[in-house]
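A, B, ... follow the sequence lines: proteins, then strands. Residue 1 opens every chain.
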Protein chains: 2
Amino acid sequence: MATQKELAKLAGVSAGTVSNVISGSVRVSKGYREKVLSAVRALNYQPNLIARSLKTNRTRTLGMVVPDITIPFFPKIVRGAESAARERGYFLIVLDSEHNHAREVDMMNLLRSQRVEGILLVAAGGSKEALETPGSVGYGPPIVYLDRVPRGIEADSVSVDDRKAAEMGVSHLLARGHTEIAIITGPLTLKNEQERLRGYRQALQRGGVPVRDSLIWPGSFNRDDVVRICHRGLLRPAGRPSALFATNGVTGLEALRSIYAAGLETPRDIAFVTFDELTTDDFFQPGITSVLQPTFDIGHRAVEVLLNRIEKGRPNRTPDKIRLPATLVVRESSDLRSPKTRP
Amino acid sequence: MATQKELAKLAGVSAGTVSNVISGSVRVSKGYREKVLSAVRALNYQPNLIARSLKTNRTRTLGMVVPDITIPFFPKIVRGAESAARERGYFLIVLDSEHNHAREVDMMNLLRSQRVEGILLVAAGGSKEALETPGSVGYGPPIVYLDRVPRGIEADSVSVDDRKAAEMGVSHLLARGHTEIAIITGPLTLKNEQERLRGYRQALQRGGVPVRDSLIWPGSFNRDDVVRICHRGLLRPAGRPSALFATNGVTGLEALRSIYAAGLETPRDIAFVTFDELTTDDFFQPGITSVLQPTFDIGHRAVEVLLNRIEKGRPNRTPDKIRLPATLVVRESSDLRSPKTRP
DNA sequence: CCAATTTCGTGAGACGACTCAAACCGGGCA
DNA sequence: TGCCCGGTTTGAGTCGTCTCACGAAATTGG
């Protein structure tokens, strides 16, 4: 592919002039500019961003690492991030850590080697280490944590107010008259899941309903585990709860599957509310009442936070810790003992 | 961040020696190597891939452009591609064209500027131009077309045998005794969709069942359109078909929604078969009989084809045109007039 | 019409890593 | 002892682009 030197020869000007025309940083007289631009067209010149980056020490590229691109929740965040990045003239590289912390560290180092100017991280979760290692390196591009906020470190983050979101979902069930509300969580090693559980507790307490341990079902992201736990809970001798609240989409999908597998119908036999959307859009009949996280916004805001840090050049100012609210979308699955809606 | 020059100073050796240790291409005596490596650790050195690429003219990076990362079909292909890339020591950058051809061209140019060594393209589709432009540029990194194969150009491609896949789905319905089989397609500007329609025709002909135009419903990727078309078809005076075949996941989801909206139940009132999975896994009750494309393999094979072209360095050999078979997964939605399965 | 000022193109020298040819060094052999 | 040889290390040059200081040309004003 053509280089600026070749353009310079063809246009009969110096290499410096070509560079000035291309980068647009220095003004070049009309005649020379035209000569260069026609050479650009003639040779179908594309600037070599590699060389440019080497010289300028800027890549206008952001990196993003997510735990699993095949979970619908993440592509939506990616969309938001990509959109914000593009608006500000940046390029976004997305990598998938496959829930694996070691791999995540590799990807972060790869991004650093690629000299990205900032990193958006949805941590692989699980171990404490998982959240702390990347930040603790202490140099390299700034990191913004999405969705999952590290405990110890002071860092920029964009997340959802999990406690309030869960409280909202559970309060909705209380308002519908339910008092026997079970909760099925994801892994409680994740702070998000702990917070959602706290929101559940808080909602019950505010509603004057006793919290019963037998209705708290700690789950995981393993689909089989969730099905087993729900199965046991739904068929327990003491009678099944009148409502079930799931704290994330993966768990929610399996919980709903378990409800059906147990021969139950929602909302006829049990009311159901879940975090996140279970399909790309409202498809289920009956529709599922959901606590929706602002996925697009999470990505979008995170990029804004990151770029402000990068461009404003105040690397040590206090971190932005943004919490976004979730919304409750009420659909049929939480109607109180209404007949099934599918004709 | 540290550079090789700084390492050299710290280790008391020349820059060339440091480079030899890092790249491992030239053997360095043990003593010197140790000195360099301890400097690497001391300064937490990360090689600058930008500089390396500029010199070596290699990036070990592949680019991938998909029309819409939020459609579940694509992340699955991305996973396969990413996995194959990683196996061979390459890095994959994924971009989203948002079904927009102009944007797609931008992304391709961006990838070229980034000096990716090859591009995996799921074309934005629609116009003929959409498929031909990128290839017609005639220089730059090799391109492998995935899923959607360009008409005019001789190029590497990995796709599914759409005709056979559709034939398989329709034959299944015929074997179940259906003769009134309607088909709802995506936009027939896409060759894939045309082929799937041909597969439908072929299956009917082989089965000795007349092809009736009134049962061919050309659709689009617009959800409202699909709902409207299905609604009209399902409620038409001549009576509704006994089975419906959808040629892709997007259309299939809307078609199923329409069936429910019309107050029908599957398979009780109408049998239903679709291309692709409608949710991340088999969730629906009753389960939906589906023609599944080997998504992971499409991505995986595409990277292999691409890397063979890149590494084998035979840029002009005849193109690889790989066609993978789909599989039919039979579930309840195509049972013949069985009672509804959900209790 | 010339001096003072502005405008603009030039060319050299980075950026960080790699890659040669050349220099070096220690043994082995005559 | 001197020479050669293979194995290592060095140092200079390079990749494509940007960015200066510099000087030449054009413009302005008195």
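You'll find the side chain of B/Arg60 stays beyond 4.5 Å of the side chain of B/Ile310, heavy atoms only. When side chains are defined from C-beta on, B/Val303 does not count as touching B/Met64, because their heavy atoms never get closer than 4.5 Å. The side-chain heavy atoms of A/Leu307 and A/Leu62, taken from C-beta on, include a pair separated by under 4.5 Å. Under the 4.5 Å side-chain criterion, counting only non-hydrogen atoms from C-beta, A/Phe221 is in contact with A/Leu190. Side-chain atoms of A/Arg148 and A/Pro67, non-hydrogen and from C-beta on, do get closer than 4.5 Å to each other.
Heavy atoms of A/Asn20 sit under 4.0 angstrom from at least one base atom. Among the protein residues, A/Thr3 comes within range of the sugar-phosphate backbone only, with heavy atoms under 4.0 Å from sugar or phosphate atoms but none that close to a base. Using a 4.0 Å heavy-atom cutoff across all strands shown, A/Thr56 reaches sugar-phosphate atoms only and no base atom.
The stretch residues 27-35 of chain B touches DNA chain D through B/Arg27, B/Val28, B/Ser29, B/Tyr32, each having a heavy atom within less than 4.0 Å of the strand. Using a 4.0 Å cut-off on heavy atoms, the residues of residues 6-18 of chain A that approach DNA chain D are A/Gly16, listed by number.
By the 6.0 Å contact criterion, NZ on B/Lys321 is enclosed, its count of non-hydrogen atoms from other residues, nucleotides or ligands being greater than 12. Other residues, nucleotides and ligands contribute at most 12 non-hydrogen atoms within 6.0 Å of the CZ atom of B/Arg27.
Formation of a donor-acceptor pair under 3.5 Å by the B/Asp96 side chain with backbone atoms of B/Ile69 is found in this model. The closest donor-acceptor contact from the side chain of A/Ser53 to the backbone of A/Arg58 lies under 3.5 Å. A donor-acceptor pair under 3.5 Å is formed between the side chain of B/Gln46 and the backbone N or O of A/Asn109. Judged purely by atom type and a 3.5 angstrom limit, A/Asp156 has no side-chain atom pairing as donor or acceptor with the backbone of A/Pro319. With hydrogens and angles disregarded, a donor-acceptor distance shorter than 3.5 Å links the side chain of A/Glu6 to the backbone of A/Thr3.
If you walk DNA chain D from 5' to 3' and mark each nucleotide with an atom closer than 4.0 Å to a heavy atom of chain A, the marks span D/dG16 to D/dT19. Taking a heavy-atom distance under 4.0 Å as the criterion, the stretch of DNA chain C touched by chain B extends 5' to 3' from C/dG16 to C/dT19.
Summary for the helix from C/dC1-D/dG30 to C/dA30-D/dT1: the axes at its two ends, each from 5 pairs, differ by 50° when rounded to the nearest 10 degrees.
Checking B/Ser23 against B/Ser25 by side-chain atom types alone, a donor-acceptor pair falls below 3.5 Å.
Evaluation of the side chain to side chain donor-acceptor pair (under 3.5 Å) rule for A/Arg115 yields no partner, not counting sequence neighbours.
The salt bridge (charged side-chain N to carboxylate O under 4.0 Å, His left out) test with B/Arg88 singles out one residue from B/Glu82, B/Glu311, B/Glu304, B/Glu117, and that residue is B/Glu311.
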